Amino acid sequence: MSRFLSVLVHGIWKDLPPFRLVLGLCPALAVTASANNGMGMGLSVTFVLIFSNLTISLLRNIIPDKVRIASYIVIIATLVVLVEMILQAYFFGLSQQLGIYIPLIVVNCIILGRAEAFAARNPAFLSAVDGFSVGLGFTFSLTLVGSIREILGAGTWFGIPLTGPDFEPFAFLVKAPGAFICLGLILGLMNAYGRWRGENVIQ
Amino acid sequence: MDLILLAISAIFVNNILLAQYLGNCPFMGVSKKLSTSLGMGVAVIFVATLASIFTWLVYYYILVPLELKYIQTLIFILIIASLVQFVEIFLKRFSKGLYNALGIYLPLITTNCAVMGIALLNIKHEFGFWEMVVFSISSAAGFTLAILLFASIRERLFISHVPQFMRGSAIALVTAGIMSLSFMGFCGMVN
């Protein structure tokens with residue numbers, strides 16, 4: 001039971017992607033110009049993570065060791081095609097906004113990383129929980145970055161205007177350089193907090 | 001003339017790394033030394049160009065006639081993964097020197113989103129064959145340029161006094177942001 005709880009919460013602080021676990025940077029930078037897009041991307045990745053971890057864990061004794069990476073990629077790619085079709089059918093606006101970054105979930109290193117590090121040697125239920133936990137952490141991070149960039153860069157949050165007409169938005173935050181700098185500063189703050197709590201910070 | 005403009009736009013204006021955010025994991029991972037960055041950059045140019053040609057041909061001559069466009073993602077990643085394996089075996093067999101130089105970077109390239117991204121962008125922009133070839137080579141060259149510049153800056157960062165909590169990836173991301181800002185200066189060159 002304690003194992004279950006530790007797996008459930010590790011993705012939310014200890015291995016929070018992409019800050020504590022510096023993986024999956026491309027979507028974290030590319031789609032976080034607004035909170036809505038960040039959250040949509042996070043939820044898509046969560047869906048793929050839960051089911052790829054579950055499938056890989058169920059098949060872990062059948063897949064030969066030598067072709068395991070290739071098999072994982074096929075499983076992940078199939079799930080991504082599924083996500084693409086669901087988004088196109090029910091969330092057309094979002095799928096237009098995310099564009100090529102949806103098919104690029106295939107090469108998101110978080111998913112392959114969790115498959116190799118966790119699902120390949122743990123039972124099915126626990127692996128699905130791990131996918132859920134890491135996915136939730138990723139969704140949280142992307143929504144956070146998206147919120148900061150959208151509120152300061154455009155003056156809105158989830159499309160709702162927040163600031164008055166006197167506020168001049170930092171337009172550079174919604175452009176490419178803003179993404180890098182915003183993510184870098186959040187990473188620095190998290191390191192500072194981790195150090196303050198006396199943890200060993202990954203360099 | 002259009003092809004030259006396309007190349008300039010892909011290298012400087014819409015730099016794949018600094019304006020489109022593709023290929024950031026190897027960018028942060030292998031850019032600690034100039035020599036490894038050069039190896040990675042050359043390997044990406046080589047694989048991205050080959051992969052783009054193959055995926056473009058498969059897309060227009062197999063997937064479109066058979067109306068299988070919706071499994072594009074699955075097919076593309078399979079092509080890239082097997083191509084990387086094939087290139088590795090080929091180089092090991094026929095060109096020992098090149099294999100020693102690029103060998104260790106090849107497996108990393110399968111999960112490099114720049115390669116997959118270029119292949120997808122070729123389809124999205126509906127390029128013809130030659131446009132596709134020029135776009136792929138110049139996008140990958142843009143990646144190499146950015147990673148080389150970044151590695152040189154990072155070698156300097158090692159010997160400078162960065163605040164403790166900003167060390168490592170945090171300062172690297174901020175540096176990349178400032179580089180991206182300077183690349184935005186090219187924006188007026190090509191529309």
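Just so it is clear: chains get the letters A, B, ... in the order the sequence lines come, proteins before strands, and each one is counted from 1. What you are looking at is a predicted structure, and each value in this text was computed from that prediction instead of being measured.
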Margin query: Restricting to non-hydrogen atoms, name the atom on A:Met85 and the atom on B:Tyr70 that form the minimum distance, rounded to 0.1 Å.
Written below: CE-CD1, 3.4 Å

Next item on the list: Working to the nearest 0.5 Å, report the span between CD1 of A:Ile73 and CG of B:Leu78.
Entry: 8.0 Å

Checklist line | Smallest separation among heavy atoms of A:Leu25 and B:Asn24, with atom names | finding: CB-CB, 3.9 Å

Checklist line | Selection from A:Cys26, A:Gly99, A:Ala28, A:Pro27 maximising heavy-atom pairs under 4.5 Å formed with chain B | finding: A:Cys26

Check: Any idea which heavy atoms bring B:Ala19 and A:Ala176 closest together, and the distance?
Finding: CA-CB, 4.0 Å

Note to self: Within this structure, what is the CG-OG1 distance for the pair A:Leu82 and B:Thr73, rounded to the nearest 0.5 Å?
What the structure shows: 11.5 Å

Notebook entry, point to check: Checking heavy atoms, do the side chain of B:Leu17, its backbone, both or neither come under 4.5 Å from chain A?
Noted result: backbone

Note to self: Between A:Leu104, A:Val81, A:Leu185, who has the most heavy-atom pairs with chain B when the cutoff is under 4.5 Å?
What the structure shows: A:Leu104

Notebook entry, point to check: With side chains defined as the heavy atoms from C-beta onward, is the minimum distance between B:Val115 and A:Val107 less than 4.5 Å?
Noted result: no

Next item on the list: Please state whether the side chain, the backbone, both or neither of A:Ile100 comes within less than 4.5 Å of a heavy atom of chain B.
Entry: both

Check: Would you find more than 12 non-hydrogen atoms of other residues, nucleotides or ligands less than 6.0 Å from A:Phe132 atom CZ?
Finding: no

Item checked: Atom CZ of B:Phe129 with >12 non-hydrogen neighbours under 6.0 angstrom -> yes

Item checked: CZ (A:Phe125) with more than 12 external heavy atoms under 6.0 Å -> no

Next item on the list: Measure distances from A:Phe172 to the heavy atoms of chain B and classify the residue's part below 4.5 Å as side chain, backbone, both or neither.
Entry: side chain

Next item on the list: May I ask you to name which of A:Cys109, A:Gly188, A:Ala70, A:Gly178 has the most heavy-atom pairs under 4.5 Å with chain B?
Entry: A:Gly188

Checklist line | Greatest number of heavy atom pairs closer than 4.5 Å to chain A - which of B:Met179, B:Met184, B:Gln85 | finding: B:Met184

Next item on the list: Heavy-atom distances under 4.5 Å only: say whether B:Gln72 touches chain A with side chain, backbone, both or neither.
Entry: neither

Note to self: With a 6.0 Å cut-off (strictly less than), is the heavy-atom count around CZ of A:Phe47, excluding the residue itself, greater than 12?
What the structure shows: yes

Next item on the list: Looking only at non-hydrogen atoms, find the nearest pair between B:Ala176 and A:Phe180 and report the distance.
Entry: CB-CD2, 3.7 Å

Next item on the list: To the nearest 0.5 angstrom, please state how far the CG atom of B:Leu173 sits from the CD1 atom of A:Ile186.
Entry: 10.5 Å

Notebook entry, point to check: So what's closer than 4.5 Å to chain A heavy atoms on B:Leu181: side chain, backbone, both or neither?
Noted result: both

Next item on the list: Could you look at A:Gln88 and say if it's the side chain, the backbone, both or neither that has a heavy atom under 4.5 Å from chain B?
Entry: neither

Check: Which pair of heavy atoms, one from B:Phe165 and one from A:Leu189, lies closest together, and at what distance?
Finding: CD1-N, 4.5 Å

Notebook entry, point to check: So, for B:Ala170 and A:Leu187, which heavy atoms are closest and what is the spacing to 0.1 Å?
Noted result: N-CD2, 3.3 Å

Check: Of the backbone (N, CA, C, O) and the side chain (C-beta and beyond), which part of B:Leu74 lies under 4.5 Å from a heavy atom of chain A, both, or neither?
Finding: both

Item checked: Distance (rounded to the nearest 0.5 Å) between A:Ile105 CD1 and B:Met116 CE -> 10.5 Å

